Structure formats: C-alpha cells, structure tokens
Number of protein chains: 2
Amino acid sequence: MRGLLVERAARMLADREPVTLRALVEGTGASTMAVYTHFGGMPGLWSAVRQEGFTRLATRLDGVARTGDPVHDLAALGVAYAHNALDAPELYRAMFDARADLADAPAADATFERLVTAAARARDAGRLAADTDPLGLATRYWAAGHGLVSLVVQGVLPAESLPPLATDTAVALLTAAGDDPARCRESVQRAWAGG
Amino acid sequence: MRGLLVERAARMLADREPVTLRALVEGTGASTMAVYTHFGGMPGLWSAVRQEGFTRLATRLDGVARTGDPVHDLAALGVAYAHNALDAPELYRAMFDARADLADAPAADATFERLVTAAARARDAGRLAADTDPLGLATRYWAAGHGLVSLVVQGVLPAESLPPLATDTAVALLTAAGDDPARCRESVQRAWAGG
DNA sequence: CATTATGACATAGCGCTGCTATGTTATGGA
DNA sequence: TCCATAACATAGCAGCGCTATGTCATAATG
C-alpha cells in the first residue's frame, strides 16, 4: 500500500496533476485514512516521495560504470544526475522543496557520497592535485550542478544550454583542482556524448 | 495600499509566518477584497512580492562600487547577492519559487544584466581572455552561486561554509576564463573580506 | 446642479484542502 | 474463546483561495 501510494504520487507529479489527499487515493480503492495509517499525514507522504526520488537517483548513479578515466567518471555522474532531474522535473523539485524534512538528509547524503568517492579516486589516480579535498570539490561540483539543473528545471534556462554550461563549469572546477585543461575537457565532453 | 500589502507580506515572510489571504489583511483595516482589487488574487500578490525581492536585490547590486579591479567587482556582486539572499532567505525562496510567473523574468533579467556587463568589463580590461563570452561566463557564475546560496538558504549547507565554497568556485570559473590564479584569488578574497 | 458610472470596500458563502473523531472490520496472540 | 491491535471507511471540522453581492465615495457628464 505504501509503495502503491508513493508511486501514484510520483506519477501524478510527473503528469503535472496536483497531488492532493483525495485525488491521491481516488482510484486506488483506499480511503484518505490510508495516508494517515502509512505516512502519518501529507508531510509524511512527501517525505516518502523524496526518499523515492533519492532512491531513483541512487539507481541512476549506480548505473554509471567505473572506467579507467576517473575524471570522465566524475563528469558521467553529473550527466546522470542531470538526466535524472530532467526526466522527472517535478520529482526533482519535490526532492529539494523548501519545506523538505531533514529526515531525508541520509538519503541525499548517500547519493552525495558517490561524488566524494569519485573525486577521491580522481585525486588518488593523479589526475587532480594531491592536496585536493574530495569533500570540498564534490560540494562545489554538486552545488554548481544543482544550480544549473534547478534553473533549467524551472524554465529559466533552456534545456539545450545545459550541456555546454555544465561542461564549461565542470572543466573550470576540475582544472582548478589540478587536472590538465585539454585532457579534462575531453573527458567531460566524452561523458556528455555518452561515452 | 499595494505597497503596504507587499511590505506586510515580505515582513510575514521574514517572520516565518504563513502568508495567507486572511492573515495578510488582518490588522491593515482592509478586507480580503483588497488583494483582489490591487493584485487580482494571491498569485498576483506573490508576483508583486517577487518583484519587490528583485528590486531589493537590484538596490543591493547598485550599491556595489566600481573599482579599478574588475574581477574584484565581479566577486563583490556575488557577495552582495549572497548577503541579500541570506538576509531575507524566505524572500529569496519566493523569488525562485517553482510556481513563479514568467512575468517576473524582466526584473530578474535586469539584475542579471549587471553581472554580464561586469564580466564584459573584466574581459575588456584584459583580466579575462579576449574570446571570453560575457553572457556565458555570467550564466555559469550565477548558476553556481544560485546553487550554493539555495543550498545554504535551505539549510543543506551551513552558512559559514558559503564564503570558502563561493570563493573557490568563483576563482575556478574566472581562472578558467583566463584570469591569473593568484591575482584572481586575491581579488575574490578581498571582495568577501569587504574590501 | 442632478445623475450616473466607476472603482474600492465589506460581508457572506462556495468548493476545496489537510486533518481528526468515530465506528467498523479483520487478523493474531493469550 | 476473547481481546488487543491495526487498517479501514465515513462524516465532519477549520482553514484556504476565491466569488457573488451589496454599499459607498468619488468623479465625470448632460
């Protein structure tokens, strides 16, 4: 029942339908009380929806193969992140909703940790400066990507501008961390090309 | 009456009070109809509140003096942007609310234009590469800053982490655009120090 | 000057929201 | 067998944004 309601909420989100209590349970056979039995109320449902969003993101990121080019892998994580957001914009907005519960933090941290380890791998492989702080780099990388994706998802920036903007931003952040500019750009561009 | 209601809405936003129709007009002597007479409804009120937010931001940015160091000025605009957001977090969130009207775009574009001209000035002054695209650089710069500020405003990142993160990000983007790393860092750090 | 049109105001009420109180039913353990 | 527990459905609450309606002051018009 929990899973059914969460999936239905995600579907309604994707269909741009307003996710209200009565609209959510309509057609499921369940009554409005199901939301209170399983989630304790609408905030609990939204929390579960955000968890679902982070779970889907984690699945996406897990699908990014680890190649011999750690900078490419770092960029590929960003590409997967962007595709995940643009494939389900409303879910992405719900994940970072202003009224989000801090109980969702662990799920977000788990996906972020993938970025930190990828940055550490790039440093340990010699692509980035030895004194590179993986946490700091990953934070700057994520924040910049989140800003770009948020503006695209919101319609402020057109979707077709995302690849070049994200590429230039990633190259800037990674070359500042010590990578060779030309080699870095090649790695990042290959990630966006799907290689 | 318009200004009174908008200011009261901004105040309620700052006080973390829910801005509802009845709560907004309470104490003003006006009835709920005032919102419909002057704004056409709550969406119109929110649009006016966002306009107010961009007006305040524009005032902040206009207060940034133009010095002999265009890279410092660029960073100073970012600092002012961040301070404006952190001084009124709820207003900042309202400005970039998911349900924002596209009619607010001109006000947002006007503030963004300041960043583009500052980037062009840095390029024309020889601090950035001659082939630097001011619009593209400003977009990356703004998106990265927006991502950082959004995460701080939302409580995902602590406020004290913003200066170092923003500094490193700005230095990375500006050095990628051709500025000298050491000189760039000095300019950006001076901007954050309030020089 | 008298009349009328217009805009701002207040009141009452509609449909919707999330939520709660209450009653019912089914399942599992003492 | 009896009962505690959990999940269910129904009805109704206060609050929300909004609208219909009536009132009143102001200003333009013959």
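This structure is a prediction, so every number in the text was calculated from the model and none was measured.
For H146(B) and Y141(B), the side-chain atoms include no donor-acceptor pair closer than 3.5 Å.
The interatomic distance linking F39(A) (CZ) with dA7(D) (P) rounds to 12 Å, in whole Å. Here the P atom of nucleotide dT17(C) and the CD atom of E17(A) are 13 Å apart, to the nearest Å. One interatomic measurement links the two molecules: CZ of R2(B) to C1' of dC9(C), which rounds to 17 Å at whole-angstrom precision. Atom C1' of nucleotide dC16(D) and atom CH2 of W46(B) are separated by 13 Å, given to the nearest angstrom. Computed from coordinates, the L24(B) CG to dG15(D) P distance equals 17 Å when rounded to whole Å. Between L45(A) atom CG and dT17(C) atom P there is a gap of 14 Å when expressed in whole angstrom units. Atom-to-atom, CG of L4(B) to P of dC9(C) comes out at 11 Å; the value is rounded to the nearest Å.
Within 4.0 Å (heavy atoms only), M33(B) reaches at least one base atom of the nucleic acid. Contact annotation for P18(A): no contact, since no heavy-atom pair falls under 4.0 Å across all strands.
Comparing dA9(D), dC19(C), dT11(C) by their nearest atom to the side chain of Y36(A) picks out dC19(C). Between dT11(C), dT10(D), dC19(C), one nucleotide has an atom nearer to the side chain of L21(A) than all others, and that is dC19(C).
Proximity of a side-chain donor or acceptor of Q154(B) to a complementary backbone N or O of D97(A) within less than 3.5 Å is detected. At distances below 3.5 Å, at least one donor-acceptor pair connects side-chain atoms of T37(A) with backbone N or O atoms of M33(A).
No N or O donor and acceptor, one from the side chain of R22(B) and one from the base of dG15(D), sit under 3.5 Å apart.
Taking 4.0 angstrom as the limit, H38(A) places a side-chain polar atom (N or O) nearer than this to OP1 or OP2 of dC8(D). In terms of phosphate contacts, T37(A) brings no side-chain nitrogen or oxygen within less than 4.0 Å of OP1 or OP2 of dA7(D). Residue T20(B) places at least one side-chain N or O under 4.0 Å from the OP1 or OP2 atom of dC16(D).
Contact between V116(A) and A138(A) at its shortest, heavy atoms only, is CG2-CB, 3.8 Å.
For the pair A23(A) and G40(A), both in contact range of DNA chain C, the more 5′-proximal nearest nucleotide belongs to A23(A).
Electrostatic pairing of D62(A) and R114(A) counts as a salt bridge here, judged by a charged N lying under 4.0 Å from a carboxylate O.
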